[in-house]
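In what follows, a structure is listed as structure tokens, so that the remarks can point back to it.
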Amino acid sequence: MTIQANPAEFVSSVKRPADIDAFWADVLAQTAQIPLQADVSYDPLRSSPQVDVYQVHYTSLDHVGIAGWYARPANHAGQLPGLLVVPGYSMEPLIPKNWAARGYAAFSVAPRGKLRSNGQFNPGYPGLLTHGIVDRNTYIYRGFYMDSCRGVDFLVSRDEVDADRLGVTGHSQGGGLSVVVAALRPEIKVATSGAPFLCGFMDAIELTDGYPYQEIADYLRLHPESLQQVTDTVAYFDGISLAPKVTCPIIVNIGLQDSTCPPETGYALFRAMGSEDKQLYDYDGFGHDANNAVHTGIIESFLAQHLEP
Amino acid sequence: MSTSADARPQNFDAYWQDTLAELGRLPAAPEVEEIPFRSTEFATAYGVRLTSIGPYRIFGYLSIPRGQGPFPVRYFLPRYGSVADLVPQGTSNGQRQRYVTFALCARGQRRSDQPYAASFPGQLTDCIDDPSSYIYRGIVADCCRGLEYLLTRPEVDPQRVAAIGADMALITAALCPRITHLVYTPVIFHRALERAAATQAYPLEELNDYLRQRPERRDQVLETLAYYDASHFAPMVGARTLLMAEAGSSPLGPSALEPLVQSIKSSTDVHESENSGYRDGAYSELWLSRELGVAEPSLPAHWR
């Protein structure tokens with residue numbers, strides 16, 4: 001492993017593909033042609049006196065069925081801001097009761113392969129990160145990113161959601177997905193990204209020997225001849241490639257001792273972001289938690305400032 | 001009938017003896033298959049399938065260092081959630097150079113999800129109104145079976161077998177005295193219902209959800225939880241122990257856990273969380289390498 005003495009000065013090897021905008025415009029267009037077909041059912045078991053919880057299913061790219069949890073305040077008047085909550089790599093999507101209790105219409109998506117969205121596609125963990133990785137047109141994250149973006153479609157389909165007040169938040173893989181959704185869906189007005197994964201893929205396998213990035217190192221150990229194909233593929237999916245398209249207000253928090261998502265990649269991501277209203281919180285003495293114990297309050301205030309729940 | 005998790009059920013010992021006896025009547029019938037994808041120049045990875053009570057087939061990821069053993073063991077017990085990693089996320093894959101590692105996927109988790117695929121949330125309250133059919137009875141048996149299998153491996157040093165994890169690590173160490181070291185992070189099964197009342201966060205929120213729907217079953221839930229409460233297992237733990245407490249005045253902080261710590265039979269160190277995965281992880285790693293007599297700790301590059 002070769003880590004930087006000063007991770008803030010790290011120069012990423014990611015090269016933004018010349019046709020990346022056309023690639024994603026095409027994928028988004030393909031997705032838009034598929035009817036959302038959202039099915040929303042009240043879940044009395046998971047609801048409480050303060051929060052109504054719904055199980056949601058919709059259709060995404062490749063006609064894959066996607067599940068999610070939708071939570072909103074039990075008693076509300078008028079429209080609510082919408083918040084898309086995107087999940088970590090190996091965790092299950094949380095029921096966003098905490099956000100609903102704060103006045104948001106919150107949707108927590110389970111992209112393909114997660115429990116409840118794995119009936120048609122289930123590569124497992126480890127395994128998901130390298131599924132189809134030799135071809136950008138078959139790489140799993142092509143659909144996985146669309147499954148997350150469709151969460152925006154779901155939120156704007158709800159009468160109670162104010163489409164002018166939409167945000168996205170997540171940590172780890174969710175931090176990477178926040179960047180992706182903010183880049184690809186202009187409806188997003190504000191974003192937060194914690195300890196972002198999916199940024200500097202090929203840098204990360206040189207910077208850390210921990211999973212999940214280790215999955216790519218495992219793959220290349222078995223298929224060394226595929227190095228260039230893998231590098232070419234992930235460049236289209238790398239948060240650093242997509243970051244210039246992020247123009248909404250955004251905050252990013254990283255831990256300088258993060259052994260899962262190396263801080264070097266977090267700095268590179270932040271520098272690449274196109275937003276004029278962006279702030280980085282780099283916490284020394286913290287790992288993949290990126291000082292969540294304190295930073296959660298900063299996220300709550302930042303989202304409240306922009307979305308006014 | 002017990003009505004509090006604080007009260008040790010009268011048949012607590014019999015309940016667990018019966019569980020282990022049921023397990024003992026079933027052959028483990030191991031199937032072991034190399035996984036070239038996860039093998040490295042310094043360690044070979046295997047998928048292991050075993051029979052646990054039910055009978056039910058469970059899976060585990062085994063990694064054996066290349067070279068001359070025997071080696072110390074890190075036995076990673078399942079946490080709440082569908083995924084069990086080969087080695088825990090955030091730790092160095094390089095630990096597989098020095099340790100036999102075994103990560104168990106308990107029933108309901110991925111790779112041990114045929115025919116029972118657990119829901120998360122959902123698993124914590126699966127059959128919780130009856131101790132004899134509560135899903136965690138089988139999960140505990142799965143954990144004990146995994147240890148039994150590990151100890152059959154000639155590469156394992158039986159004097160250095162560390163159980164690492166949350167509640168299942170403590171319970172397994174209590175029921176299986178051949179575990180020599182324990183790194184235990186309390187999460188669910190300690191005053192669970194009492195703590196659930198003060199949170200909306202899962203997994204404990206599962207208990208609130210369940211009892212909102214079925215308030216008449218509160219006593220049954222309490223009775224079942226009493227068979228799993230850490231306070232009843234702690235006096236049975238003979239392994240050298242590191243308890244990873246939460247910070248400050250949390251119900252899982254050092255002060256609140258003091259009675260539990262005092263009741264652990266063996267020598268126990270307590271680390272109060274610094275709310276930093278790095279600081280807490282490094283502390284645990286250094287403790288473990290020191291206690292197991294491994295000269296070089298397996299620290300990720302960013303922790304050195």
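In what follows, every chain begins at residue 1, and chains take the letters A, B, ... in the order their sequences are listed.
- Below 4.5 Å, heavy atoms of chain A meet heavy atoms from Arg96(B), all part of residues 96-108 of chain B.
- Here the CG-CD distance, from Leu115(A) to Gln109(B), works out to 10.0 Å after rounding to the nearest 0.5 Å.
- Comparing Cys261(A), Ser259(A), Gly287(A) by heavy-atom pairs within less than 4.5 Å of chain B, the highest count is held by Ser259(A).
- Contacts of Asn292(A) with chain B are absent, with no heavy-atom separation under 4.5 Å from either backbone or side chain.
- No other option in His288(A), His223(A), Arg221(A) has as many heavy-atom pairs under 4.5 Å with chain B as Arg221(A).
- Ranking Gly81(B), Ala282(B), Pro300(B), Pro121(B) against chain A, the residue ahead of the rest is Pro121(B), based on heavy-atom pairs under 4.5 Å.
- Of the atoms belonging to Gln50(A), it is side-chain heavy atoms, and not backbone ones, that fall under 4.5 Å from chain B.
- The environment of CD in Glu33(B) is sparse: at most 12 heavy-atom neighbours from other residues, nucleotides or ligands sit within 6.0 Å.
- Listed options Ala290(A), Gly255(A), Gly285(A), Ser47(A) were ranked by heavy-atom pairs under 4.5 angstrom with chain B; first place goes to Gly285(A).
- No other option in Pro126(A), Ala217(A), Pro262(A) has as many heavy-atom pairs under 4.5 Å with chain B as Pro126(A).
- Looking at Asn275(B), both its backbone and its side chain come within 4.5 Å of chain A, counting heavy atoms on both sides.
- Sparse packing is recorded around CZ of Arg218(B), with 12 or fewer heavy atoms of other residues, nucleotides or ligands lying under 6.0 Å away.
- Contact of the Val83(B) side chain with the Lys114(A) side chain is not registered, since no non-hydrogen atoms from C-beta on lie closer than 4.5 Å.
- Using a 4.5 Å cut-off between heavy atoms, Tyr219(A) touches chain B through backbone and side chain atoms alike.
- Between Tyr278(B) and Asp284(A) the shortest side-chain heavy-atom distance does not fall below 4.5 Å.
- Interface summary for chain A: among Glu41(B), Arg110(B), Gln89(B), Gln95(B), the most heavy-atom pairs under 4.5 angstrom belong to Arg110(B).
- To the nearest 0.5 Å, atoms OG (Ser276(B)) and OH (Tyr283(A)) are separated by 12.5 Å.
- Both the backbone and the side chain of Gln257(A) come within contact range of chain B, each with at least one heavy atom under 4.5 Å from a heavy atom of that chain.
- Of all residues spanning residues 198-206 of chain B, those with a heavy atom less than 4.5 Å away from chain A's heavy atoms are Gln200(B), Tyr202(B), Glu205(B), Glu206(B), arranged by number.
- In terms of heavy-atom proximity, Leu86(B) sits nearest to Tyr211(A) at CD2-OH, 3.5 Å.
- In this structure, CG in Asp113(B) is found 7.5 Å from CG in Asn122(A), a value given to the nearest 0.5 Å.
- Annotation: cation-pi geometry satisfied between Arg279(B) and Phe286(A) (NZ/CZ under 6.0 angstrom from ring centroid, within 45° of ring axis).
- Of the atoms belonging to Leu222(A), it is side-chain heavy atoms, and not backbone ones, that fall under 4.5 Å from chain B.
- Using a 4.5 Å cut-off between heavy atoms, Tyr210(B) contacts chain A through its backbone alone, with no side-chain atom that close.
- Of the residues considered (Ser90(A), Gly127(A), Ala293(A), Gly124(A)), Ser90(A) shows the highest number of contacts with chain B, using heavy-atom pairs under 4.5 Å.
- Between the CZ atom of Phe120(B) and the CZ atom of Arg116(A) there is a distance of 13.0 Å, given to the nearest 0.5 Å.
- Chain B forms more heavy-atom pairs under 4.5 Å with one residue of Pro49(A), Pro93(A), Pro212(A) than with any other, namely Pro212(A).
- Contact of Ala118(B) with chain A is made through the backbone alone, with heavy-atom distances under 4.5 Å.
- Between chain A and the residues Ser39(B), Gly94(B), Ser82(B), Gly277(B), the largest count of heavy-atom pairs under 4.5 Å involves Ser82(B).
- Between the CG atom of Asn93(B) and the CG atom of Asp218(A) there is a distance of 6.5 Å, given to the nearest 0.5 Å.
- Asp209(A) and Ser92(B) make their closest contact through OD2-OG, 2.7 Å (heavy atoms, listed as atom of the first residue, atom of the second, distance).
- Across every non-hydrogen atom of Pro44(A) and Gln213(B), the tightest pair is O-NE2, 3.1 Å.
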